[in-house]
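What follows is a single structure, written as structure tokens, with notes after it.
Note that this is a predicted model, so its numbers are computed, not measured.
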Amino acid sequence: MTIETRAVVIGGGIVGCSVAYHLASLGWTEITLLEQHQLTDGTTWHSAGFVTPLRGSPATRALVGYLPALADRLRAETGLDPGWRPVGGLRLAGTPERVEQLRAAGLEIRSPESLPALLNDKGVLAVGWTPDDGFVRPKDLPAALAAAATALGVTIRTGVRVTGLTLSNKRVSGVRTAEGDLKTGTVVLAAGAASAHLGHFVGATVPVAPVNHQYAVTAPFDPPLDPDTLPTVRDPDRNLYLRGAGGGLILGAYPSAPVPAWPLNGAPPLAESRTQATPAPIDELIAAASARIRDLPEIIKVICGPEAFTPDGEPLVGQTDVPGLWAAAGMSLHGMALAGGVGKAVAELITSGSAEVDVRSLGPQRFGPFAHNRHWTTTRAVDAFARLRT
């Protein structure tokens, strides 16, 4: 049996939930969201949740800037806590050059003595304060988006694997699944690292590659830290970032040699629920954290999984080279921050042809013919990840 629906969103992570919600809020009915596992079991589940508007292009920053308003809106519509915590952020500068970078970015410059008590100020020349930084609790924002979308009439189907896309007169005309087919003229690929695989069903270029990312979680401090009052911290000269979580800390670093995460068995990325990779050694991370954090508790777990990266580290937002097939993918580590703005922009483009934020620079076709080549896309995506260290 074939079901007719106005739009199909493929991917039940935070980005897919955002696209579905924003399409419905703009008046589109008969929207179906498909997720092959359970909601958030692709990439969202292992997000560290950091949010900063100081990363990327002007378009990307504008998309991140929508998050606080979205959180307020979802709280009012659903009564749920969307998990947004505007705790602010601290950026440490250990060199004169880094201090000048903070000044050039327009940050408020504070003295090293302003650091929280759990951090020492060894080697710190200045601290930049970013009041708009914060974090999102990864379970909460997708749950609020899904609840709001469902209330507006969106049909969410989990445990449904997409097996193909169909074309009619070179335009998308449907989605094939293991549970039956759907007829539609609008399909949004919001499947993270699996988006390129889905695009290939109809020859669309979706330049996204999976690259492993990991972070560590500590045991609680004594007394436990309050994550809702502790600012996020970035110490680029030590390649360290952290935030509060569970009474302890989430600790992360950017690898000098990022590892692509294409499955070795030829399966598409994220084919398994909550795909995990073997973590790389964390000796350097522990050394950097121990040098900056007083009385660092033990590491109790390391989480490692594939993130969807694009060749320039900016998201794909817009229509692909196949009419009717749209991309909202390649968040490049910042899906929790970008999902709200990306979902809104894609929904606006689909329903009216233009978006409040000018996202033309983020179009999926911006890389030209090179992006048809998986090796080229993967190599550039790894380079983009490596540049995050600076």
Side-chain angles (χ1 to χ4, degrees), residues 11-22 24-25 39-40 42-56 59-91 107 116 129-152 190 192 215 217 224-234 241-250 252 303 307 315 317 328 331-347 356-357:
I14 186 170
V15 177
C17 290
S18 177
V19 172
Y21 165 70
H22 284 94
S25 70
L39 294 184
T40 74
T43 299
T44 302
W45 73 271
H46 64 74
S47 171
F50 287 83
V51 174
T52 178
L54 294 182
R55 173 189 176 270
T60 301
R61 296 182 183 192
L63 294 174
V64 173
Y66 169 62
L67 176 60
L70 174 62
D72 289 342
R73 178 176 167 182
L74 291 171
R75 186 179 289 105
E77 291 182 13
T78 68
L80 299 174
D81 177 2
W84 162 234
R85 297 294 184 266
V87 295
L90 300 172
R91 280 173 165 73
L107 273 59
W129 169 246
T130 54
D132 295 329
D133 278 19
F135 68 90
V136 172
R137 297 195 304 200
K139 292 181 180 180
D140 294 343
L141 186 54
L145 284 165
T150 301
L152 291 172
Y215 60 86
V217 181
L225 299 177
D226 180 1
D228 291 353
T229 59
L230 179 70
T232 64
V233 178
R234 299 174 191 271
Y241 58 87
L242 59 91
R243 74 167 177 88
L249 293 170
I250 286 176
I303 297 174
E307 295 276 352
V317 184
M331 300 299 112
S332 304
L333 285 187
H334 289 269
M336 301 304 294
L338 285 165
V342 168
K344 180 175 182 287
V346 169
E356 181 178 0
V357 174

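Across every non-hydrogen atom of Phe50 and Leu242, the tightest pair is CE2-O, 3.4 Å. Annotation for Ala71 and Pro82: closest pair O-CG, 3.4 Å, computed over non-hydrogen atoms.
Of the possible donor and acceptor atoms, one in the side chain of Thr130 sits under 3.5 Å from a partner among the backbone N and O of Gly89. In this structure, the side chain of Arg234 does not engage the main chain of Tyr241 through any donor-acceptor pair within 3.5 Å.
For the pair Arg85 and Phe135, the cation does not sit on the ring face, since its NZ or CZ is not both under 6.0 Å from the ring centre and inside 45° of the axis.
Residues satisfying the side-chain hydrogen bond (donor to acceptor under 3.5 Å, both in side chains) criterion with Thr60, sequence neighbours excluded, are Ser57, Glu314. When the side-chain hydrogen bond (donor to acceptor under 3.5 Å, both in side chains) test is applied to Ser18, the partners found at least two apart in sequence or on another chain are His22. Considering only residues two or more places apart in sequence or on other chains, Glu77 meets the side-chain hydrogen bond (donor to acceptor under 3.5 Å, both in side chains) condition with Tyr21, Arg73. Partners of His334 under the side-chain hydrogen bond (donor to acceptor under 3.5 Å, both in side chains) rule, at least two apart in sequence or in another chain, are Arg55.
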Side chains of residues 138-147: which donor-acceptor partners sit under 3.5 Å, not counting sequence neighbours?
| from | atom 1 | to | atom 2 | distance (Å) |
| --- | --- | --- | --- | --- |
| Asp140 | OD2 | Arg137 | NE | 2.6 |
| Asp140 | OD2 | Arg137 | NH2 | 2.8 |

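Pairs of residues two or more places apart, or lying in two chains, that qualify as salt bridge (Lys or Arg N to Asp or Glu O under 4.0 Å) and include a residue from residues 336-347 are Lys344-Glu348, Lys344-Glu356.
Here the side chains of Pro116 and Leu90 are in contact, with some heavy-atom distance below 4.5 Å.
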